[in-house]
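Residue numbering restarts at 1 for every chain, and letters A, B, ... go by the order of the sequence lines.
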There are 2 protein chains.
Amino acid sequence: MAELNERSQNILEAIVKDYIASAEPVGSRAISRRHHFNLSPASVRNVMADLEEMGLLCSPHTSAGRIPTEKGFQYYIDSLLQIRDLSDKEKKQLRSSYRFSGMKMEDIMQEVGRILSGLSKYAGLVMVPKFATTVFRQIEFVRLSYGRLLVIYVSETGLVQNKVISADTDIDQRQLEKISNYLNRELNGLTILQVREKLKKEMQEEISLYDQLRTKALSLSFAALQDEVEDQLFVAGTSLMLEQPEFSSPDQMRRLIQTFESKKILIDLLDRSQSAQGVQIFIGSDVDLKGCSLISANFSNRKGAIGALGVVGPMRMDYSQVVPIVDFTAQLVSRVLDREAE
Amino acid sequence: MAELNERSQNILEAIVKDYIASAEPVGSRAISRRHHFNLSPASVRNVMADLEEMGLLCSPHTSAGRIPTEKGFQYYIDSLLQIRDLSDKEKKQLRSSYRFSGMKMEDIMQEVGRILSGLSKYAGLVMVPKFATTVFRQIEFVRLSYGRLLVIYVSETGLVQNKVISADTDIDQRQLEKISNYLNRELNGLTILQVREKLKKEMQEEISLYDQLRTKALSLSFAALQDEVEDQLFVAGTSLMLEQPEFSSPDQMRRLIQTFESKKILIDLLDRSQSAQGVQIFIGSDVDLKGCSLISANFSNRKGAIGALGVVGPMRMDYSQVVPIVDFTAQLVSRVLDREAE
DNA sequence: TATTAGCACTCAGGATGGTTGAGTGCTAAT
DNA sequence: ATTAGCACTCAACCATCCTGAGTGCTAATA
């Protein structure tokens with residue numbers, strides 16, 4: 001993107017800000033009046049025409065003001081937006097909104113989503129990613145019925161997964177305990193991915209069946225861990241977004257709800273932000289989020305990244321407000337999880 | 001409700017059916033033409049006026065046809081609706097939609113919701129109720145960090161719950177195993193409610209502390225099981241409902257989404273149907289479901305009721321279609337769970 | 001040369017009014 | 001008891017007009 005001269009930048013910024021505030025097209029007169037760069041509406045119009053030429057603005061129809069295009073927002077965010085830091089007071093306030101003592105992972109995530117949504121007035125998202133990326137801590141088996149077992153495995157970060165598997169023969173609880181003891185000793189500290197590797201390798205070597213218990217243990221844990229568990233996504237405050245004027249028409253509402261319902265689009269985006277550092281901003285049809293933006297950040301404990309959170313709002317979102325909230329929340333959550341981990 | 005004479009019944013039924021099909025007010029002419037009770041529009045009008053007087057019909061404005069009121073629907077459902085049985089072919093088809101092998105409880109529930117929604121074209125609900133009503137099967141402890149434990153407990157029906165608790169002292173894994181062994185022996189076969197009772201009683205008698213292990217076991221399990229775990233509700237296909245003409249206005253959409261988001265209203269209703277037998281129908285502002293109805297049924301295995309499922313749709317729903325689907329699905333799910341339980 | 005005043009033009013949105021058609025209630029005739 | 005007939009009502013649709021906000025262009029200005 002070519003650099004803009006200062007005047008153009010100022011005017012673009014003014015337009016974006018006004019539009020964020022009002023959700024309505026902004027006209028040259030309004031700009032020249034409300035912002036005090038001593039310029040007549042006519043001059044402003046000239047600049048606006050240039051900006052439109054460059055694809056940063058557009059007008060819904062001839063006699064309406066201009067609104068920023070996606071590209072316009074992009075430019076604004078990349079070059080003009082300055083994120084203010086939260087004041088200590090705000091940080092304190094934010095910190096006190098979050099109270100997680102005694103909550104288990106899932107509940108914390110849900111609560112974080114709710115609070116994010118409440119603070120931003122948009123939809124809050126929290127994703128706990130695939131189990132595969134976590135570190136194995138413990139596995140337990142519960143016999144449900146003949147040949148049917150419930151497997152429960154716990155990650156280093158405190159995530160719990162359970163799954164029902166079928167064994168070809170019945171196994172009693174005493175034996176199951178031995179098996180889990182064996183596995184817990186053997187697999188401790190590996191990531192689930194490593195565990196899978198190890199199991200696969202050992203099972204190939206094990207064809208000789210010289211140790212019945214061990215063979216059983218391997219095949220059971222293999223069955224338990226083999227397939228992917230999906231990312232878990234918590235969404236809160238969808239209906240808050242429906243209050244926004246850009247979603248006032250039935251059609252737009254429907255589309256929005258569908259987006260949230262399928263979750264896939266959101267998970268993909270959060271997955272992407274998973275691997276990045278710091279706050280990410282995704283804009284509009286960047287990826288099937290027509291008219292919306294996603295502000296996200298990942299969180300982690302000292303054992304590594306464990307998830308991502310964020311806020312989805314209309315593209316016309318108050319970024320300078322929401323970005324620091326998301327950022328700080330991610331840090332807070334990271335710290336909490338760290339404390340929990342040890 | 002006073003009994004209606006046959007003609008009135010016929011006409012009411014015709015109106016309800018036409019309205020269900022079209023979602024539009026139905027007029028006297030349409031009735032007298034489409035249904036062949038040789039009556040002129042004028043006669044139909046007379047009857048309609050009576051029905052309106054009784055509060056079973058109303059007209060949105062003078063020159064529109066009539067639509068059934070809530071009371072009208074209620075009467076229709078109570079007295080006129082006849083539920084056809086599913087044909088064997090339909091049953092077979094339904095049965096083959098449901099494939100749950102190797103799925104764990106949560107996934108089954110989610111899948112059932114999705115399928116219910118798909119079949120009915122409305123929103124599908126499945127609720128797994130409070131843990132308290134289930135029978136204890138097994139408890140396991142995992143040490144997370146100093147003094148912090150993860151408790152996992154499994155019900156007879158295969159539900160898994162986990163929770164983080166803090167102990168006042170650190171306990172190592174060997175000791176935890178002993179504790180869980182002890183508890184598993186001691187609490188086997190009781191409902192969670194009974195378990196709570198028992199624990200409370202024993203803890204009172206235990207002040208003497210003559211057995212350290214046992215005391216610890218009691219206090220841990222008490223902490224783990226003391227507080228209520230909420231009902232879990234799975235909702236699928238919200239956006240399908242938005243397609244219905246009655247929710248075409250932004251306002252109605254918003255309200256609907258809010259209802260689904262809070263979940264509370266739905267949980268309350270399903271909770272109610274939990275205890276009842278067979279299919280239940282809840283209509284409209286019966287309970288804060290303005291414009292909607294809920295058709296629900298509970299499911300159970302031979303150890304007792306474990307949940308409820310249903311379909312939420314516009315009050316103008318095709319009951320004769322949806323009721324048997326819900327009914328049969330509940331039976332199917334019950335059977336599946338029975339098979340799983342032993 | 002950059003800015004601005006002035007002016008003609010555009011167009012969405014609101015107000016107004018007429019027409020249509022579906023539906024009603026009432027009355028008198030059957 | 002039923003129904004034909006008729007006057008009446010009213011939402012929905014359409015065309016039309018008007019207004020005001022906003023534009024682009026051009027010529028005058030600093």
Exercise. Are A:D318 and A:S320 close enough that a side-chain donor and a side-chain acceptor fall under 3.5 Å?
Worked result: yes
For this session: Keeping the roles fixed (side chain from A:D327, backbone from A:A297), state whether a donor-acceptor pair exists under 3.5 Å.
Result: no
Sort me out a list of protein N/O and nucleotides 15-24 of chain C N/O pairs below 3.5 Å, or just none if empty.
from   : atom 1 : to    : atom 2 : distance (Å)
C:dG23 : O4'    : B:S63 : O      : 3.3
C:dG23 : O3'    : B:A64 : O      : 3.3
C:dT24 : OP1    : B:R66 : NH1    : 3.2
C:dT24 : OP2    : B:S28 : N      : 3.2
C:dT24 : OP2    : B:S28 : OG     : 2.6

For this session: Measure the OG-CG distance between B:S273 and B:L294 for me, rounded to the nearest 0.5 Å.
Result: 7.0 Å
For this session: Please work out the stems of DNA chain C from pairs that are Watson-Crick or G-U wobble with both distances under 3.5 Å, keeping only runs of three or more consecutive pairs.
Result: C:1-30 with D:1-30
For this session: Take atom CG of A:N38 and atom P of C:dA5, then tell me their distance rounded to the nearest Å.
Result: 12 Å
For this session: Round to a whole Å and report the spacing from CG of A:L57 to P of D:dG24.
Result: 11 Å
Exercise. Where the side chain of B:N298 meets the backbone of B:Q274, is there a donor-acceptor pair that is under 3.5 Å apart?
Worked result: yes
Exercise. Taking atom NE2 of B:H36 as the centre, does the number of heavy atoms from other residues, nucleotides or ligands within less than 6.0 Å exceed 12?
Worked result: no
Exercise. Salt bridge or not for A:R272 and A:D268, using N-O below 4.0 Å?
Worked result: no
Exercise. Under 3.5 Å, is there a donor-acceptor pair between the side chain of A:S59 and the main chain of A:T62?
Worked result: no
Problem set entry | Rounded distance in Å - CZ (B:R7) to C1' (D:dT3) | 11 Å
Below 3.5 Å is the cut-off: list the nitrogen or oxygen pairs between protein and nucleotides 27-30 of chain D, distance only.
none

Exercise. Is there a donor-acceptor pair under 3.5 Å between the side chain of A:E261 and the backbone N or O of B:A236?
Worked result: no
Problem set entry | Point-to-point distance, once rounded to the nearest 0.5 Å, from CZ of B:R66 to CG of B:L51 | 8.5 Å
